[in-house]
Number of protein chains: 4
Amino acid sequence: MSTTPAFRRLPRAVREQQMLDAAVRVFSRRGFHAASMDEIAEDAGISKPMVYAYLGTKEELFIACLHREGARMLETIAGAIGPDLPPDQRLWHGLQAFFGFVATYRDGWVVLYRQARGEPPFAGELAMMRARMAEVVAGMLKRTLHAEGREVRETDLEIQAYALVGASESLADWLADRPDADPDQLATRMVNIAWLGADQLLSGEVWHRPAEG
Amino acid sequence: MSTTPAFRRLPRAVREQQMLDAAVRVFSRRGFHAASMDEIAEDAGISKPMVYAYLGTKEELFIACLHREGARMLETIAGAIGPDLPPDQRLWHGLQAFFGFVATYRDGWVVLYRQARGEPPFAGELAMMRARMAEVVAGMLKRTLHAEGREVRETDLEIQAYALVGASESLADWLADRPDADPDQLATRMVNIAWLGADQLLSGEVWHRPAEG
Amino acid sequence: MSTTPAFRRLPRAVREQQMLDAAVRVFSRRGFHAASMDEIAEDAGISKPMVYAYLGTKEELFIACLHREGARMLETIAGAIGPDLPPDQRLWHGLQAFFGFVATYRDGWVVLYRQARGEPPFAGELAMMRARMAEVVAGMLKRTLHAEGREVRETDLEIQAYALVGASESLADWLADRPDADPDQLATRMVNIAWLGADQLLSGEVWHRPAEG
Amino acid sequence: MSTTPAFRRLPRAVREQQMLDAAVRVFSRRGFHAASMDEIAEDAGISKPMVYAYLGTKEELFIACLHREGARMLETIAGAIGPDLPPDQRLWHGLQAFFGFVATYRDGWVVLYRQARGEPPFAGELAMMRARMAEVVAGMLKRTLHAEGREVRETDLEIQAYALVGASESLADWLADRPDADPDQLATRMVNIAWLGADQLLSGEVWHRPAEG
DNA sequence: AATGAATGAGCCTTCATTCAT
DNA sequence: GATGAATGAAGGCTCATTCAT
């Protein structure tokens, strides 16, 4: 019977994680403004001043959450892809890891995606993260097209990239509200959508808007 | 019957619209919690008790915003599609109207999509709106597939629908931050993505996840 | 029986004075930091938010106190001296008014002199006020000496001025703790001290420090 | 018996002095309330519980500062005067030592004079110190006058004494903000002011207030 | 002897909301 | 119809102080 014998007086590193866990939970549930430091402290089983001592202001605390969850997500994906994976399997493993992250760390995803978006202090940084993601996707598309000798307008590439990112986020969000759904199924569908999008751009067989009037 | 004859003592309906305009502006800029009734009243050029008298509580005011902007969006789309449009043109005109709405009523879109999402009191209703939208899309897909005699798993249909909705939202959001972008270009790309997704489901030529191990 | 019939809902100007009265009282009693906005509001017979609405932050409130009491003091003195008083009577009437102010607005003096001094945010401005006062005094001394054709080191003038200002302040402070003392007696003594100081600088009959060793 | 052999594990007395040094520094800079025990401990290079263990409560710590600096000042002055100094030189040496103390232990002076004054818990004791000082001065004046066979009202004596004390304090405070000023110059001027004041009381050649009206 | 960990209490500030004029 | 005046309630943040190691 020697499981976690100590109750109080835990080392700083442990407490910080507990607090971040609680903060992510509460921010996910309430949103940034509606969350109170009192509730976070209580949820973490610790007094408020400790939260301030270790993680600082409410805003800093929220940023710390964003950083931890963001880093966790990126590491999850990067770890799944690894350095040696052949290019045609990278997308699948990346998406699989992404949806896996969302299923496992649901609150982290909600904080990153639903809550940080509308709050002016954080929305900017989040928008930049998304922009980088879209850039990566656009880069992938571009390389594929170049390899086939086709050119596409830069704007169309960017738009296509944002559409793919948005589709993935939407599915992730769908998953966040359905704990029993299968992340891998989402990844599979998403791979299909992505390949098709690339094929379409590749083949040039596109639909054009009708002439007005 | 002169034009805008008076400045004060406006009829109630006009005043209400002014207030809602101000509220949408402020909510879009600050988010629900960070927006203060003071700022909204000031932005509307009206005293605070008036806001309460006409539109009730802050929460009711926010809901009124959601209703007006949501209705405006739906009407814009419905009006563009109309009753007599041949099926294969409905998607294009619908998307065109959708992105047109976002470009014209940017703040309304931001309130609907970015702000209402994270706030527990409203998130539910918003989620339901999205769900209805996804259902409509899924219905369209299903009809197309049935017409060709193909069956697809219900879940896959739902997922595909959410992906399309998410892609559209992502592009709308992209548009909201780029006032000079062309809504019609987005609509065109989005039509392509949607048709192709349908084709893909139709042809059955799908990618399958590799066997694990 | 028509004395002050209204109890609540007073016009802004009245309430502001009530609040400033209360603030001066409390700041005088407790000092800037130890004074709580709660106590000030209660002492003013009003709720805390009103204080914030009318006078702003605690720091701004304190500054408002300094301004009102400082202005009151200067006006009292300027009013007593007036424009037409012959030069040899200005000192007496000025000092009389000064000590009169201290006796009448004891708390105002305490806030200005005892409390504002140690608090870094305000000490600077107060020091500048004193410096201006010392300059005025130094100017008076200089003119008197010049009229007699005598020269004195600038530093000695400044020092003498600060000594006179300090002496007056000390007497004012003495008076602040003795409600029954006679302000005019202080003014009389102070005039004597000041004239003597001038005479002394004038006559050149000064004491010199002994040679060291 | 090497010089400053160790860094930690210093004997208690030394540690206490370090803490008091830090406390005086911080109290001088911030004032009693604005100073935090954290800052004091950090400035002393020691952990907070040590401060509590050695010097007790914040209030007790402040009192310890007052005591040390007050004692230091008195000893400096008493040591400069010594037991055998002829009466007519006591004033000069006393003032010289006083201004020397202020120049050397500037922070101590600021704590004693600027900070302790407004804080109710300490103001009383400080007022008593000043009162004793004024008594001493008044005693000196009285003896001088008695030796010449003149009588002066007790209150006038007390007032004159407070004026002299205030003048000295004002010059000390002037010195505290001008690190390069010469303390001896201040002492010289102050002696002149004091002698003259005595002479004036002595000679009876005083100015009288004009009849009112 | 020395300190990291921990907290109760309090203060400044703001906000949604209402009342009396 | 319209508004200045007013407040209960709550939330962010800090601080003096102590305990367990």
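These numbers were taken from a predicted model, which means no experiment stands behind them. Every chain is numbered from 1, with letters handed out A, B, ... down the list of sequences.
- One finds no side-chain N or O of C:R12 lying less than 4.0 angstrom from the OP1 or OP2 phosphate oxygen of F:dA6.
- Here B:R25 pairs with B:D43 under the side-chain hydrogen bond (donor to acceptor under 3.5 Å, both in side chains) rule; sequence neighbours left out.
- In this structure, CD of A:E42 is placed 12 Å from P of E:dG8, rounded to the nearest angstrom.
- Take D:E16 and apply the side-chain hydrogen bond (donor to acceptor under 3.5 Å, both in side chains) test, not counting sequence neighbours, and it matches D:R12.
- If you measure from atom CD of D:E39 to atom P of F:dA16, you get 10 Å, rounded to the nearest angstrom.
- With sequence neighbours excluded, no residue satisfies salt bridge (Lys or Arg N to Asp or Glu O under 4.0 Å) with A:D107.
- For the salt bridge (Lys or Arg N to Asp or Glu O under 4.0 Å) test, residues two or more places apart in sequence or in another chain that qualify with D:R72 are D:E69.
- Using a 4.0 Å cutoff on non-hydrogen atoms, the parts of residues 46-55 of chain B near DNA chain E are B:K48, B:P49, B:Y52, ordered by number.
- With sequence neighbours excluded, the residues forming a salt bridge (Lys or Arg N to Asp or Glu O under 4.0 Å) with B:K48 are B:D38, listed by chain and number.
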Donor-acceptor contacts under 3.5 Å from residues 109-119 of chain A side chains, at least two apart:
residue	atom	partner	partner atom	Å
A:Y113	OH	B:Y113	OH	3.3
A:Y113	OH	B:R117	NH1	3.1
A:R114	NE	A:D173	OD1	2.9
A:R114	NE	A:D173	OD2	3.4
A:R114	NH2	A:D173	OD1	3.2
A:R114	NH2	A:D177	OD1	3.2
A:R114	NH2	A:D177	OD2	3.2
A:Q115	NE2	A:S28	O	3.3
A:Q115	NE2	B:G118	O	3.1
A:R117	NH1	B:Y113	OH	3.0
A:E119	OE1	A:H33	ND1	3.0

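- Here the side chain of B:S36 pairs a donor or acceptor atom with the backbone of B:E39 at under 3.5 angstrom.
- Heavy-atom contacts from other residues, nucleotides or ligands closer than 6.0 Å to CD of C:Q17 number more than 12.
- Atom CG in B:D38 sits about 17 Å away from atom P in E:dT13, given to the nearest Å.
- Listed pair C:R15 / F:dG4 fails the phosphate criterion, with no side-chain N or O lying under 4.0 Å from OP1 or OP2.
- If you measure from atom CD of C:E59 to atom P of E:dC11, you get 18 Å, rounded to the nearest angstrom.
- Comparing C:A13 and A:M37, the nucleotide of DNA chain F nearest to each residue sits closer to the 5' end for C:A13.
- The nearest heavy atom of DNA chain E to B:K58 and to C:K58 marks one nucleotide each, and the one closer to the 5' end goes with C:K58.
- Evaluation of the ring pair (Phe, Tyr, Trp, His ring centres under 6.0 Å) rule for C:Y54 yields no partner, not counting sequence neighbours.
- With sequence neighbours excluded, the residues forming a ring pair (Phe, Tyr, Trp, His ring centres under 6.0 Å) with A:Y105 are A:F101, listed by chain and number.
- Protein atom CD of D:E60 is 14 Å distant from nucleotide atom P of F:dA16, rounded to whole Å.
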- Query: How is the base pairing of DNA chain E summarised as a dot-bracket string, given the Watson-Crick and G-U wobble criteria with both distances under 3.5 Å, [ ] for crossing and | for another strand?
  - Reply: .||||||||||||||||||||
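- As a whole-Å value, the separation of D:I40 CD1 from F:dC15 P is 12 Å.
- With sequence neighbours excluded, the residues that form a side chain to side chain contact (heavy atoms under 4.5 Å, CB included) with B:A35 are B:V26, B:F27, B:R30.
- The stretch residues 17-33 of chain C has no heavy atom under 4.0 Å from DNA chain E, so no residue of it qualifies as close.
- No contact: C:A34 has no heavy atom under 4.0 Å from any strand.
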